[in-house]
Enquirer: 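Could you have a look at this structure, given as structure tokens, before my questions?
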Amino acid sequence: PQLSSNLEEQKLRDLRRVAVSSSGTLESAMERELSEPKLNDLVRGLAEQTESEVTLLAGERTPRTPAEQRPFYVLSNSSVGRQVHVPTALVAEAVRTGGVVTDIDQHGEQVQAVQPLGERGPPVEWVAVYSRSLDDVAGTVSLVGTEVLVATGAALLVALLGGYGVARRLARRVTRLELAAKDVAA
């Protein structure tokens, strides 16, 4: 459990770093008002570069709605044809705090980082959501567990063989001592 949570924490830190370092690229795209195909290409390229799924959300402009309660819709997503789950609680917290917010999704399958884009403060126009799978964490934990079992088995085998060898030598000495005692007694 500790190895798993350490690996998950490392993934969260890495994803936070990625979100912060790549936000400038998306903010410049926001200022340039790119066409949808160019924006999609940019998001896919950023996803490839950061080795994560990138979803770009845009805030709906609704009158008299507080900035942190504005609904966001998917503007672009790096995974073509895949349904996107928007982490609304994380988006709301990121909009409220104005900074990167990270967490593990509700199913424990992905780490997510949400980065508000543009000028700090309300209203936030765009939000970037970065996601990475936790499948490799489970694989690493399983691999380490298997290696520990193999090492334990090997150590047990060495201990058994060593114990057998020592016991055999002691038995020979006792046998020789027994024979010597019989010779003395005779």
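Reckoned from all heavy atoms, side chains included, excluding hydrogens, waters and symmetry mates. Positions are given from 1 along the sequence.
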Enquirer: Same cluster or not: are Leu26 and Val100 linked, directly or through other Ile, Leu, Val, Met, Phe, Trp or Tyr residues, by side-chain heavy atoms under 4.5 angstrom apart?
Expert: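 No: no chain of side-chain contacts under 4.5 Å links Leu26 to Val100.
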Enquirer: Is the shortest heavy-atom distance from the side chain of Leu90 to the side chain of Gln112 under 4.5 Å?
Expert: yes
Enquirer: Ignoring hydrogens, what is the shortest heavy-atom contact between Gln115 and Ser23? Give both atom names and the distance.
Expert: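 Closest approach of Gln115 to Ser23, heavy atoms only: CG-CB, 3.9 Å.
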Enquirer: Would you please say whether a donor-acceptor pair under 3.5 Å links the side chains of Thr102 and Tyr130?
Expert: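 No, because no side-chain N or O of Thr102 sits under 3.5 Å from a partner of the opposite role on Tyr130.
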Enquirer: With heavy-atom distances below 4.5 Å as the criterion, would you say the side chains of Asn40 and Asn77 are in contact?
Expert: no
Enquirer: Hey, what do you get for OG (Ser131) to CD1 (Ile104), rounding to the nearest 0.5 Å?
Expert: 12.5 Å
Enquirer: If you measure from CD on Gln10 to CG on Leu15, what distance do you get to the nearest 0.5 Å?
Expert: 11.5 Å
Enquirer: Would you say the side-chain atoms of Ser78 pair up with the backbone N or O of Val54, donor to acceptor, closer than 3.5 Å?
Expert: yes
Enquirer: Suppose we screen for side-chain contact (heavy atoms from CB on, under 4.5 Å). Which residues come up paired with Ala94, at least two apart in sequence or across chains?
Expert: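 Testing Ala94 for side-chain contact (heavy atoms from CB on, under 4.5 Å), a comparison that skips the adjacent residues, returns Val101, Val114, Pro116.
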Enquirer: Is there a side-chain contact between Val74 and Leu56 in this structure, where contact means two heavy atoms from C-beta onward sitting under 4.5 Å apart?
Expert: no
Enquirer: Look up atom CG in Leu39 and atom CD in Glu36, then write down how far apart they are to the nearest 0.5 Å.
Expert: 8.0 Å
Enquirer: Who are the side-chain hydrogen bond (donor to acceptor under 3.5 Å, both in side chains) partners of Asp41, not counting sequence neighbours?
Expert: Arg44
Enquirer: Can you measure from OG1 (Thr55) to CD (Glu53) and round to the nearest 0.5 angstrom?
Expert: 4.5 Å
Enquirer: Do the side chains of Arg169 and Arg173 get nearer than 4.5 Å, heavy atoms only?
Expert: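 Arg173 vs Arg169: side chains apart.
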Enquirer: With a 4.5 Å limit on heavy-atom distance, are the side chains of Val127 and Leu117 in contact?
Expert: no
Enquirer: Just by modelled atom types, is the Thr50 backbone N or O under 3.5 Å from a matching donor or acceptor in the Arg132 side chain?
Expert: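 Here the side-chain-to-backbone pair exists.
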Enquirer: What about Val111 and Val18, same hydrophobic cluster or not, with Ile/Leu/Val/Met/Phe/Trp/Tyr joined at side-chain heavy-atom distances under 4.5 Å?
Expert: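 Yes, same cluster.
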Enquirer: Drop me the distance from Thr152's OG1 to Leu157's CG, to the nearest 0.5 angstrom.
Expert: 12.5 Å
Enquirer: Who else is in Leu170's hydrophobic cluster (ILVMFWY, side-chain heavy atoms under 4.5 Å, direct or via others)?
Expert: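 Via sub-4.5 Å side-chain contacts, Leu170 links to Val166.
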Enquirer: Within this structure, what is the CD-CG distance for the pair Glu125 and Leu57, rounded to the nearest 0.5 Å?
Expert: 13.0 Å
Enquirer: side-chain contact (heavy atoms from CB on, under 4.5 Å) with Asp14: which of Lys11, Arg17, Arg16?
Expert: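 By the side-chain contact (heavy atoms from CB on, under 4.5 Å) criterion, Asp14 pairs with just one of Lys11, Arg17, Arg16: Arg17.
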